[in-house]
Each structure stands twice: as structure tokens, then as C-alpha cells.
Colleague: 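First, the structure itself, so that you have it in front of you.
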Amino acid sequence: MVSKTEEPGAPAHCPDQRPCCEHPSSMTLMNGDEAHEHRAEVEPKQNGHDVGEQAEDGSEQEVIVIQDTGFTVKIQVPGIETFSIQVSPQEMVQEIHQVLMDREDTCHRTCFSLQLDGNVLDNFAELKTIEGFEEGSVLKVVEEPYTVREARIHVRHIRDLLKSLDPSDAFNGVDCNSLSFLSVFTEGDLGESGKKKKKGIELEQIDCTPPENILPGSKERPLCPLQPQNKDWKPLQCLKVFTMSGWNPPPGNRKMHGDLMYLYVITMEDRHVSITASTRGFYLNQSTAYTFNPKPANPSFLSHSLVELLNQVSLIFKKNFAALQKKRVQRHPFERIATPFQLYSWTAPQVEHAMDCVRAEDAYTSRLGYEEHIPGQTRDWNEELQTTRELPRKNLPERLLRERAIFKVHSDFTAAATRGAMAVIDGNVMAINPSEETKMQMFIWNNIFFSLGFDVRDHYKDFGGDSAAYVSPTNDLNGVRTYNAVDVEGLYTLGTVVVDYRGYRVTAQSIIPGILEREQEQSVIYGSIDFGKTVVSHPKYLELLEKTSRPLKILKHKVLNDKEEEVELCSSVECKGIIGNDGRHYILDLLRTFPPDLNFLPIEGEDMPEDCKKMGFPKEHRHKLCCLRQELVDAFVEHRYLLFMKMAAMQLMQQKTSLREKPVALENGEAAASSDSSAQSEPQEKSQSADKPVDSIDEEAQLKELEESVAAHNETVDLKSKESAQLEVFDQKQLLKDAAAFVLSCQIPCLIKDCLDHNVVPMDGATLAEAMHQRGINMRYLGKVIDIVKKFPVPSQLDHVYKILISEAITRSAKHIFKTYLQGVELSGLSAAISHFLNCFLSSFPNSVAHLPADELVSKKKNKKRKNRNLSSADNTAWSSVTPQELWKNICSEAKAYFDFSLECENVDQAVEMYNLQKISLLREIGIKVGIQVLLKEYNFDNRHKPTFTEEDILNIFPVVKHVNPKASDAFHFFQSGQAKVQQGFLKEGCELINEALNLFNNVYGAMHVEICACLRLLARLNYIMGDYSEALSNQQKAVLMSERILGTEHPSTIQEYMHLALYCFANNQLSIALNLLYRARYLMLLVFGEGHPEMALLDSNIGLVLHGVMEYDLSLRFLENALNVNSKFHGAKSLKVALSHHLVARVYETKGEFRSALQHEKEGYTIYKNQLGEQHEKTKESSEYLKYLTQQAVALQRTMNEIYKNGSSANIMPLKFTAPSMASVLDQLNIINGILFIPLSQKDLENLKAEVQRRQQLQEAIKGTDNQETENKAAETSEAAETTVVPDDPAETQTSA
């Protein structure tokens, strides 16, 4: 969520599948019950203990263990001079290998060993375990003989070096490559260039004109600038062709001469050469394309590395390869490190398809998991996932090691599962039950089990059939995510990944050892496989699951099976326990870990609370697996705690008073209290067990009930159950109803209030969904949220949210339709079908006709029966007959059925007109949601004579992947305590804690992760406040790169990062770069949302101020006046933000010499300050001073003019002072609007704060120095004692509180 309070405060943890940089205000559980928010007010005891403190005290001494000092060692490489590198004792020898393979001068070596005093070092040994390895040791690089595997690795590595600047892997979404465009706008690296330029020179050379399309009021929304062509991408070509030879593999007699494989190369000089890879290295042989002659050529140029050989064969190769490596090493490391999970781009330019031996080989040899790295062929995923969980976790280094292993295995597993799921849908994997119909088939590939999201054995018949089967995998994944987070020792879950691809949902799971050999009935020893007819329990499982009952709020309870026997469970009935052949206790089918959402489960004879009824709930939903989100359960419990505390306090008060009056009343008082709060007294244990004791007699009713997972129906209460049990069941039902009401009465209004206060500023569908999810609101409530926003008294203040809500309802409905639409398309018609769908969805062209591939025109059966098709059928061309009218009619009915939202549109143009949407934003939303990649070009959506998209415009279809995101818990606690410290004003300590968190995050996640991004952003902000501008710049540059690479180049968080970076660039005197970055941010915001977003006001104020600083006054006014309008709209014309906007506009008019306009604006601002803050407030005084000054200037100007009229040209004219604003004053204003304040406090305040200030004294001294230069021109203020604090967002409002 692009939350504005993100800087100082809330925790950076995102429950959504898409990790996200911003910090939600509520957190999913981390380890068991240590979930915390640092709250300003003192809270009642939360479930757990204060994490921040514990992390600080508990881990101080442990941290030191990790940061063993590094030392320097010398490396001797044949052929170049000895150099030294820095190593740390924790590293493995292997990491030195990696460094050498990345260095410019040694990158072409792969097959070597490192030797210390003649002993070969073991690759997997930690450096600190090696005897005699210390500061100044000399390591020798010794070339080793090749094997087939080593030769392959070498060829692959050389190919990677040749392709290192080529972005095609990022566009194609392979090998965890992704795009970054920051360097295009900063013209290379920020740090170095900044110091050379001086202010004066800088000013003359700036070209400040923004691109036409981003000026306020421009209607164009071009797509091409989204992915500007980087000049490094036209890579220096080193070879024309570099491929495996057709003579592979070597025949037996050549094998015995040491031939490993043959390569075929065509150099840039057009020389065709055949190369033999042998155990001794690479040499030229005498084969040609058609004759095989493996004898060495003369000269054979035998070399240990392929690069050394090619350097001798081709001069162009030598020159270009060296230049390429130079460029490769110059790039920022964050532009080239692989991301932990693959990111797909929804647009891409046309990339030429070049010959690539490694890619071709990868595609056709059955490279399952990366066998070439792993001994013993395929990886046993289940074993890897479970053994990493079993690693010890007693102290910090152990926990770090364990978390790193868990994270690594998860990201590898996700990548393998995604590849497998695509292979399954594309038909490249043989089913394990090939005789059954396609929907029922299951697959095993690379030790991963794949199943399709269809209701195959009428498993979900009573729950909504295929709809239920479709949501069940994601519910199950949420369950897995939660149990993993609780992390109970001895309880195991399966690796689970859910992949949506080409309209199908595939669940990928790791395989429990032994499960394939036995029938399911024998293996399940806990839970039920037939939805509650036969239920079994197991003491070990009860013991393990009981440990999860507190954090997950699941009560241990009894259920009745069909034989009327009571069975005790501590999870939902469908949750199954299986002991694998490895003796581990696994739980699976966690789709009902969370309680049912009664708003979407109408039950006869059950009455819902008033809150629900008046909103029109309960409603029928298309499946009966609706669950409440974990965030909601947590918020509800917290809410109940507070209620309980309040009631207890009231009771105490009453008792005290009644004690004074008459002692007798006490008993009644207490009794009342206890009965009243019994439902709430232990919400932790009781609240919301996911499944209630079910007492019912006939199986039919039993199934019915379980499916509601709500306790006993009124009419069939089992007679044996005692009164107390019935009461308990009643209480539990009541809790569930209250929870359902809580969503409507509490959480949705909270969301809307946060949007009004701009604590939450969604910019696109993903950030909106995240904001809803953090508050525990499911997307199926979208229609309800729209209704409430529509009925809001001042709707214009929620315009931006309304627009996103509508676009989300439309694109999600379209996604649902697209899913079934694609299932009817065979592979050869895919691009035609997708372009036809997009035309119907977005193009103004009224009669869009699908172009069928030529040979299919013969059988044009309009097959309307969509149900009984198998995965692909040859004669199905039903998709081609869809018309735009029909599609929009379906979208409207889908929006009504799923979201209960009445969309009154017959076509896209009506929708755009009615709700002020943008077609390009809709294209982006649908592209991201369903995984379409379109060609990067300008699309004409409004042409009524020809369709917008052709099949050539659809480049690719990608999977949409949901997976578990393992967390770095220790690092996260450090990060939180750091944030808390910063909020209390202890910047130094906060900074240290956050640096520590950064180290730990790097330790667990590697270099790239959203949480690291949040860390870097906060660090940059702190560096900036403490006056270290260049450090701020370097940290923020990393944050921008990381955000681009992990979240996407146009993700709202990336836009935010660009804005922060621009501010720090300006402070470092890099004005033209600052402007470029701001223009880029504005372009992206226009593309993603359009004009009129509240964040646009901030962006435009920034642009306006910088332009004012470089004396582009007219341009500056366009942006500042736009910001003024947007602020007035969202904050009301009387808000302090608007007053500040008026002031900024007045300053520009003043420097233009248009005093009348300046006075007018400043008066507006003055009036607002006077009314809001009173006459005596410093802001009001400042404003009135400025008004006086403007009036004097205006009078002086008028005098001069009169003088000229009277005396003509001989007039004695006083020179008027028109001054360009100083950079310092512009920077001050920038700091104010970006919410970075150095707030002056009066003497009196200081005395009140004495106690606290003593601890900050030393810190203050350090800051004062930097402040003084900052605020020279505010000398009046600095004379009072400067006290530095970080203000999250609204400077004007915070100043009042200050």
C-alpha cells in the first residue's frame, strides 16, 4: 500500500501474495504470537510480549557473532598479476569462486580449484574452518581438467557473459531477470557524477522542458516511454553464431582421446570454426558443417578457456568481449542480481530472436530441476523443505542460517513448480492416470505433484462444484502460509504453489514420502476424508495442533461422526493428518483454517445481527468456502480485548461506588459482568474456532453443517449433549456472527476513513487490494465498499478510491470471464483469441471479428456448451463468436453476481465516460491479472473503423503465481524497534538498529527483497534528515532499483521511490536529474491512474518547486496551480495543505513580478492559517509578514510605473529587486511539502521536555550543525533551539501539533 505514514511507523510486512514494499498497519502473525504493532498509546497486554524490547536486549550480544571482521587475501591467477580481495570468515570457499567468475579479468574461468600452500580447498568449507587461512594468505588459482559437466557449465557461463547486457531474458520472464530503467534517467551512476558538477555550470545547461504528454491537462497517454530503450541494450555483438555442433556426442574412439563435446562458431569476420572441448581445454578441429574430422587444426590454439581461444581466432571478438565485460561490471549490481521470485512484464518491445545453443538445449533436454548443479539428478523437494525446517534455532546465527535455507528452498521450489505447471498445461507432461478424462488427470514432474482446479470426483458437490474447487487451492495456500508462520516444531506442511496459466488453475505440492504407494484411507490418521462421515483423531496430532490453537485462535472441540461417536479435533474437519514414511507428521487440506464468513453463507433458521441485515447480508455466494481472513480474525480479537478491558474497568468503577453504598449489590454486579463478558473474556481461546462441535444425526444434515462449519442446527441437536455444550455452541455461533458483522460495522468504515485521512492512498488495483486485505476485508466485499463510498457525504474527496474500486470490479469480472474463455482455446489459436478478447473489452470498434487461423475456418461449429469440454478440443472456435456487446453484458452480470455491484455499461466507452477511467490503465490491470504480455507500441483504442489489437500484438502469456513468502523474523524485529526509536526521536539509535536489520535481511534474503527495499528507504530518509545527503542518495538509489526489479517498473511503490530519490538529488545539486526523475514519476502515475490523484498534488508541488528554482516560472505555475486544485479537491478548500499550495504559487508570482496575483494567493493562505491556527501561530505571522513584503513591493512597482507615466523616459527609476529564489530556500520548501521538518520549539516547550531531552543532548549537537546550514534563511527560527523530528506526512498539520 502506498501508505503515507509508511516512513516512520508501521511494520513492513505484507500478507498479500505479492510482496510489497510499503508497510501495512496490521500484520499477519510472524512467529506464533509475537505479532505486534508499535502503538503510541499504551495497550492492554497483547498476546505475547513486547517484541521490540526483547529483540534489542536478546540479540545484542548475538549480533556480534555474525559480524566477524573480514580480512584481505591475495589471489594468484595465471596470466595476470596478483590482486587482493576482501573475505569474511562465514563465507564458503565457493563464494570466492563466484567472485572470481564475476570479476572483469577472471570472469572467463569456471574450471579451477583454489589452493593454499599446495592444498586444494574444499568448495563447501567455511573459510574460518581452514587452517592457516588468515590476513594476507595467498590463494593460487589452479586450472583443473574438464569433465562433460564442467565443459557444459563453462559453455553456459560464457553464453551468460555474452548475453549479460541483453534484456531479452527480463522481457521473457526467465531465470529471475527483471527490468530496471533508473539508469536511463540518471545518465549512469548518481554518486560519482554528482561531485564533479558545480552549481553554476549546472544551471546553464539544464533543459527543463517536460515531455508534452506529462503536462497537466494533457490527454495523451503514450505507452512507449514506459520502457525506454537503454543504449546499452544494442549489445556489442561478439560472435554471429555460437552453438552446439551437430557432431555431438563424440563417438567412442574420440571419447577415449578425451573429446567431451563439439561446438560450432561463426565469428564476426565470417570465419566458420569447429571447436573440440576436451579434458585439457578447447581447441580448433578440422571438422566442417558436413564432414567430421576431429583431428586438431593447425594451429589448434589449445586454451583452457573458450574466451582465450576465441580471442586468438577473432579480433572483433577480442575487442567487443573486453568492452562488454567493462560495461557489465560498471552496471549497478542491483541491475543484474537475480530476484528471489520471477516478475513478469505486461509489455515488451519486439526483441529479435537470436540463435542460442544453451537455450535450445535447455528446452529439449529434459532439464527438470537444475540437475547440472545437484548430484543425484532431480531434487527431493519435500525432503529439502522439511529438513530446512528442522534446522536448530536456539540463537541468532542458527536462526539466520535456518531462515536463509528456508527462504532459498522456497524460492527454488516456486520456480520449479511454476515451470512444471506450465509444462503440464502446455501438454509436455504425461499424466499418472492417463486413461481418465483430461480434467481429472494428475501429474508428477520433478518430484512435484500437480492437480487441476476442477471438481473431479464430486468432492465439492455441496460446496459449489468447480467454483469451490477453484478457490480451495488458494484457501489451502493461506492455511499453509499460516501454519508455516506459527512454525510449531514437529508439525509439517507441504510445499504449496498455486499457478494460474492459460485459464487453468494448477496446484503444485511437494510429495509426502510413501503416499503414492498406499490408499488415502489407510494413511489418514487424523481428520476426515469424506467431509465428516468418518472422523479419526490421534493424540500426537492433538498435542501438536494444540500449540497452534492460541496463535490461530482455533479451539479444541468435539465433533460427532456418522456413528454418533464424539471425536476430539483441534482443526477443521477436512484438515487431514498423515504420517509419512519418513516418520514426520504432515497436515494437509488446510482450506478451512479460518472461520467461515457468515455474510456469504445464508443458513436457515439462523438470524444474522442487525448490522449485517441492513446491508443486505447474508448473500448467496457461488461457493460455500468463504472464509474470513487472518487479518480480520486478529483485528476482531483485538477489538474484543479492548471491549473486555473497557467493561472490566466499568465494572470496577461500579463496584467501587456500590461498595460505598451497600455491600450487597456487589454480587449482582459481578455476576452481571461475568455473564456479559463471557463471550469476550477469553477471545484468544474461544474466538472463532474454524469448526464448531457438530452434533447432528443424519449424514445429509451433517454434510450440510460442516459445509457451513457452524455448530449444530437447531432442530437436530443431539440429545446426549449437555446443556453446557449447547450453550457453548450457541456462544460460538454468536461469535461467528459478530465477526461477520465486524467486517461491515468496523473494518470497511475504517478503510474508508483511512482513505479520507490519506493514511492509505491506493493508486491501482494491487495497492487497493492490499489495503483491503490488511484490514481483513475480502475482495468479494468490493461492491459493498463501492456502495458506501458512493453514499459518502463529500464524494469528491474519495474520487480516486471510487475510480480504482470501479476499475477493479470491471477488470476482476473480466478476469473471471477470460478464464473460462481461454479454456476453450487450443494452442494454435491463442494469440488470435486473446487479441479478440482485448478488442471486445477495450476497443471502440463495434463489430470486432476474430481472425481464425486459416485451416480452422472449415469447421466453424458454434459450440455453446462450455461445460463438458476436455482441456482442448480441435473443433472449438466458440470464442471467435463473442461480440463486444455480449462480453460487456457478461461483465455487468458477473460484477452483479460476484461483487453485488450494478454496472450500467453496454460497452467500454460508456464505462470510461461514466466512471472517468482510462483504457490504458484498464489494459495494464487486466494484463497483470491474467498474465498477458502485449507489444510495446501506441494503441489507438478509440478508432471506430478498425480493431485496436491484432494477433501480432500479443507477445506472450505468463503464469500468475501465488506462493508462501518465508520471513526473516529477527531482522524484522530489529527493523521495528528501529522504526519505534525513530518515532521517539532517537535518530542515531534508530539508524543503528535499521542498519543492523539491513545486515540481517541481507543474510536471510540475499540482496533483493521488498523488506530490504523498505529498510533502504527508511535509511535514506534518516541519512537525509541527519544531513548526510550523498549517503541518502546512494541508499535511495538502491531502493529505487530494488523496487523496479521486484515490484515492477511502474508499481505505485516504485513511483514513490522515484519521488524520494528526486528530492535527494536536488539536495545534492543534481537538478536536471531530479527533474528527469520527477517527470518519470509523473508519467508513470498518469499511466497507472491518470490525473487527479491526491499524490499528484505532492508530485506537482515538487516539480513546480524545482522548476521555480531553475527559473522556469511559467512551467512552474502550471504544475503548482494543478497541485493547488487537487489539494483543494481532496483536502477541502480550508485545509492547511491548500494554504501551503497558495503560498508556493504566490512565491512564483512574486519572482515574476506579478504582485497582484501573488497578493491574492497569499491572502487566501493567510485567511486559512488565521482561521485554522489563530492569529498568534507562527505560520499565521509568517504569512502576514510575507503579505506586508508583497504589498511594499507592489507599491514600489506602482510608484515606478507612475513615475514613468509622469516623466517619460527621463524618469529617475529605482531598480526593482527581482530575485531568483536561492537553492536553499527551494530546498526548504521541498522539505516541507515532503514532510521532512526541522521543527523549531520555543524555550518553554524545551523546559517541559527537559527530562526527555537530556538523553538526546549529544545527538542534538550533531544535528544542529547540519541544521544551521539547512535553515540559514530561516535564521529567526533557528535562534530558538532546533529540535529535529521526522514528520510522517502533513507538514502543515503537524506543525500545529508541534
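In what follows, every heavy atom counts, from backbone to side chain, and hydrogens, waters and symmetry copies are set aside.
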Colleague: With a 4.5 Å limit on heavy-atom distance, are the side chains of Phe958 and Gln342 in contact?
Modeller: no

Colleague: Look only at the side chain of Ser218 and the backbone of Leu215, and say whether a donor-acceptor pair between them is shorter than 3.5 Å.
Modeller: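 Judged by distance alone, no pair lies under 3.5 Å.
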
Colleague: Please determine which of Ile214, Asp1100, Leu1099 meets the side chain to side chain contact (heavy atoms under 4.5 Å, CB included) test together with Leu1078.
Modeller: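 Only one of Ile214, Asp1100, Leu1099 forms a side chain to side chain contact (heavy atoms under 4.5 Å, CB included) with Leu1078, namely Leu1099.
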
Colleague: Taking the basic N atoms (NZ, or NE/NH1/NH2) and the acidic carboxylate oxygens, is any pair closer than 4.0 Å for Lys929 and Glu808?
Modeller: yes

Colleague: Check whether the side chains of Glu1057 and Gln1036 place a donor and an acceptor atom closer than 3.5 Å, and report yes or no.
Modeller: yes

Colleague: CG of Leu798 to CD1 of Ile786: how many Å apart, nearest 0.5 Å?
Modeller: 12.5 Å

Colleague: What I want to check is whether the side chains of Glu1011 and Tyr1005 have a donor and an acceptor closer together than 3.5 Å.
Modeller: yes

Colleague: With distance as the sole criterion, is a donor-acceptor pair present between the side chains of Thr347 and Gln227 under 3.5 Å?
Modeller: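 Yes.
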
Colleague: Determine yes or no for a side-chain-to-main-chain donor-acceptor pair under 3.5 angstrom, with Ser843 supplying the side chain and Cys840 the backbone.
Modeller: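 Flag not set: sc Ser843 to bb Cys840 has no pair under 3.5 Å.
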
Colleague: Nearest 0.5 Å please: distance from the SG atom of Cys892 over to the CZ atom of Phe901.
Modeller: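 The distance works out to 9.0 Å.
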
Colleague: Give a yes-or-no answer on whether the side chains of Arg1045 and Ser180 include a donor-acceptor pair shorter than 3.5 Å.
Modeller: no

Colleague: Between Leu226 and Trp346, which heavy-atom pair has the shortest distance, and what is it?
Modeller: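 Smallest heavy-atom distance, with atoms named: CD2-CZ2, 3.8 Å.
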
Colleague: Kindly say whether Ser168 contributes a backbone atom to a donor-acceptor pair with the side chain of Asp166 at under 3.5 angstrom?
Modeller: yes

Colleague: May I ask you to test the Ile954-Leu838 pair for a side-chain heavy-atom distance under 4.5 Å?
Modeller: yes

Colleague: Is the ring pair Phe841/Trp888 parallel, tilted or perpendicular, if the boundaries are 30 and 60 degrees?
Modeller: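 Parallel, since the angle between the ring planes stays under 30°.
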
Colleague: For the residue pair Asn907 and Pro884, establish whether any side-chain heavy-atom pair is separated by less than 4.5 Å.
Modeller: no

Colleague: Could Arg1082 and Glu1091 be called an ion pair, given the rule that one side-chain N must be under 4.0 Å from one carboxylate O?
Modeller: yes

Colleague: Quick check: are there more than 12 heavy atoms from other residues, nucleotides or ligands sitting under 6.0 Å from NZ of Lys937?
Modeller: yes

Colleague: Before you tell me yes or no, could you show the steps for Ile810 and Leu917 under side-chain contact (heavy atoms from CB on, under 4.5 Å), namely the whole-Å CA-CA distance, both residues' side-chain angles and the distance that decides it to 0.1 Å?
Modeller: CA-CA 11 Å; Ile810 293 176; Leu917 305 171; 3.8 Å; yes

Colleague: For Met1008 and Phe334, work out which heavy atoms get closest and say how close.
Modeller: CE-O, 3.0 Å

Colleague: Can you list everything that forms a salt bridge (charged side-chain N to carboxylate O under 4.0 Å, His left out) with Arg924? Sequence neighbours excluded, please.
Modeller: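 Asp764, Glu1050.
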
Colleague: Hey, are Ser828 and Glu826 close enough side-chain-wise for a donor-acceptor pair under 3.5 Å?
Modeller: yes

Colleague: Do the ring planes of His1093 and Phe1089 sit parallel (below 30°), tilted (30 to 60°) or perpendicular (above 60°)?
Modeller: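 Perpendicular, since the angle between the ring planes exceeds 60°.
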
Colleague: Strictly by salt bridge (Lys or Arg N to Asp or Glu O under 4.0 Å), give each pair with a member in residues 909-922 just once, sequence neighbours left out.
Modeller: Asp909-Lys919, Asp909-Arg944, Lys919-Asp942

Colleague: Going through the checks in order, is the side-chain contact (heavy atoms from CB on, under 4.5 Å) test met by Leu452 and Val506?
Modeller: CA-CA 5 Å; Leu452 299 168; Val506 186; 4.0 Å; yes

Colleague: Going by the angle between their ring planes, with limits at 30° and 60°, are Phe454 and Tyr504 parallel, tilted or perpendicular?
Modeller: perpendicular

Colleague: Is Gln910 atom CD crowded by more than 12 heavy atoms from other residues, nucleotides or ligands, each under 6.0 Å away?
Modeller: yes

Colleague: Write down the atom of Ala508, the atom of Phe413, and the distance for their closest heavy-atom approach.
Modeller: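 Shortest heavy-atom contact: O-CZ, 4.5 Å.
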
Colleague: Begin with the C-alpha distance, continue with both residues' side-chain angles, and end with the deciding distance and a verdict on ring-ring contact (aromatic ring centres under 6.0 Å, His included) for Phe949 and His836.
Modeller: CA-CA 7 Å; Phe949 298 91; His836 177 60; over 10 Å; no

Colleague: Take Phe941 and Leu923 through the test side-chain contact (heavy atoms from CB on, under 4.5 Å) and record every step on the way to the result.
Modeller: CA-CA 10 Å; Phe941 293 102; Leu923 174 65; 4.1 Å; yes

Colleague: Does Gly1048 offer a backbone N or O that forms a donor-acceptor pair with the side chain of Thr1054 under 3.5 Å?
Modeller: yes

Colleague: Return yes if some donor-acceptor pair links the side-chain N/O of Thr767 with the main-chain N/O of Pro762 below 3.5 Å, else return no.
Modeller: no

Colleague: Using modelled atom types only, decide if a donor and an acceptor are shared between the side chain of Arg505 and the backbone of Asp500 within a distance under 3.5 Å.
Modeller: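 It does not hold such a pair.
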
Colleague: Name the one of Thr418, Val961, Asp426, Val960 that satisfies side chain to side chain contact (heavy atoms under 4.5 Å, CB included) with Tyr501?
Modeller: Asp426

Colleague: Walk me through it: do Met1042 and Thr339 pass the test side-chain contact (heavy atoms from CB on, under 4.5 Å)?
Modeller: CA-CA 9 Å; Met1042 205 172 291; Thr339 58; over 6 Å; no

Colleague: Going by heavy atoms in the side chains, are Leu477 and Val964 under 4.5 Å from each other?
Modeller: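 Contact flag for Leu477/Val964 side chains = yes.
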
Colleague: Within 45 degrees of the axis of the six-membered ring of Phe185 and under 6.0 Å from its centre: does Arg1080 put its NZ or CZ there?
Modeller: no

Colleague: For residues Tyr344 and Gln933, determine if any side-chain heavy atom of one lies less than 4.5 Å from a side-chain heavy atom of the other.
Modeller: no

Colleague: Over 60° means perpendicular and under 30° means parallel, so tell me whether Trp879 and Tyr821 are parallel, tilted or perpendicular.
Modeller: perpendicular

Colleague: Using a 3.5 Å distance criterion without hydrogens, assess whether the side chain of Gln823 forms a donor-acceptor pair with backbone atoms of Arg502.
Modeller: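 No, the answer is negative, given that no donor and acceptor are paired below the 3.5 Å cut-off.
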
Colleague: When you measure from the side chain of Arg775 to the backbone N and O of Ala771, does any donor-acceptor pair fall under 3.5 Å?
Modeller: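 At least one qualifying donor-acceptor pair exists.
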
Colleague: Is a side-chain N or O of Asn943 found less than 3.5 angstrom from the main chain of His945, in a donor-acceptor match?
Modeller: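 Yes, because the side chain of Asn943 sits within donor-acceptor range (under 3.5 Å) of the backbone of His945.
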
Colleague: Between atom NE2 of His1051 and atom CD of Gln1056, what is the distance when rounded to the nearest 0.5 Å?
Modeller: 10.5 Å

Colleague: Within a strict 4.5 Å, meaning less than it, do heavy atoms of the Asp466 and Tyr470 side chains meet?
Modeller: no

Colleague: Would you indicate whether the side-chain heavy atoms of Phe450 and Thr507 approach each other to under 4.5 Å?
Modeller: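 Contact flag for Thr507/Phe450 side chains = no.
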
Colleague: Rounded at 0.5 Å granularity, tell me how far NZ in Lys1038 sits from CG in Leu1041.
Modeller: 10.0 Å

Colleague: What is the minimum heavy-atom distance between Ala1039 and Cys1013, and which atoms define it?
Modeller: O-SG, 3.4 Å

Colleague: To the closest 0.5 Å, what do you measure between CG (Leu842) and OH (Tyr939)?
Modeller: 11.0 Å

Colleague: How long is the gap from CD1 on Ile1103 to CG on Leu1098, to the nearest 0.5 Å?
Modeller: 10.0 Å

Colleague: Just by modelled atom types, is the His963 backbone N or O under 3.5 Å from a matching donor or acceptor in the Thr414 side chain?
Modeller: no

Colleague: Can you confirm whether Gln885 is buried at CD, in the sense that more than 12 heavy atoms of other residues, nucleotides or ligands lie under 6.0 Å from that atom?
Modeller: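 More than 12 heavy atoms, drawn from other residues, nucleotides or ligands, come within 6.0 Å of this atom.
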
Colleague: Looking at Leu955 and Glu952, what are the two nearest heavy atoms and their distance?
Modeller: CD2-O, 4.1 Å

Colleague: Do you know which two heavy atoms are closest between Pro222 and Leu1087, and how far apart they sit?
Modeller: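 Minimum heavy-atom separation between Pro222 and Leu1087: O-CD1, 4.0 Å.
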
Colleague: Are any of the side-chain heavy atoms of Phe845 and Asn839 separated by less than 4.5 Å?
Modeller: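 Not touching, per the 4.5 Å side-chain cut-off.
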
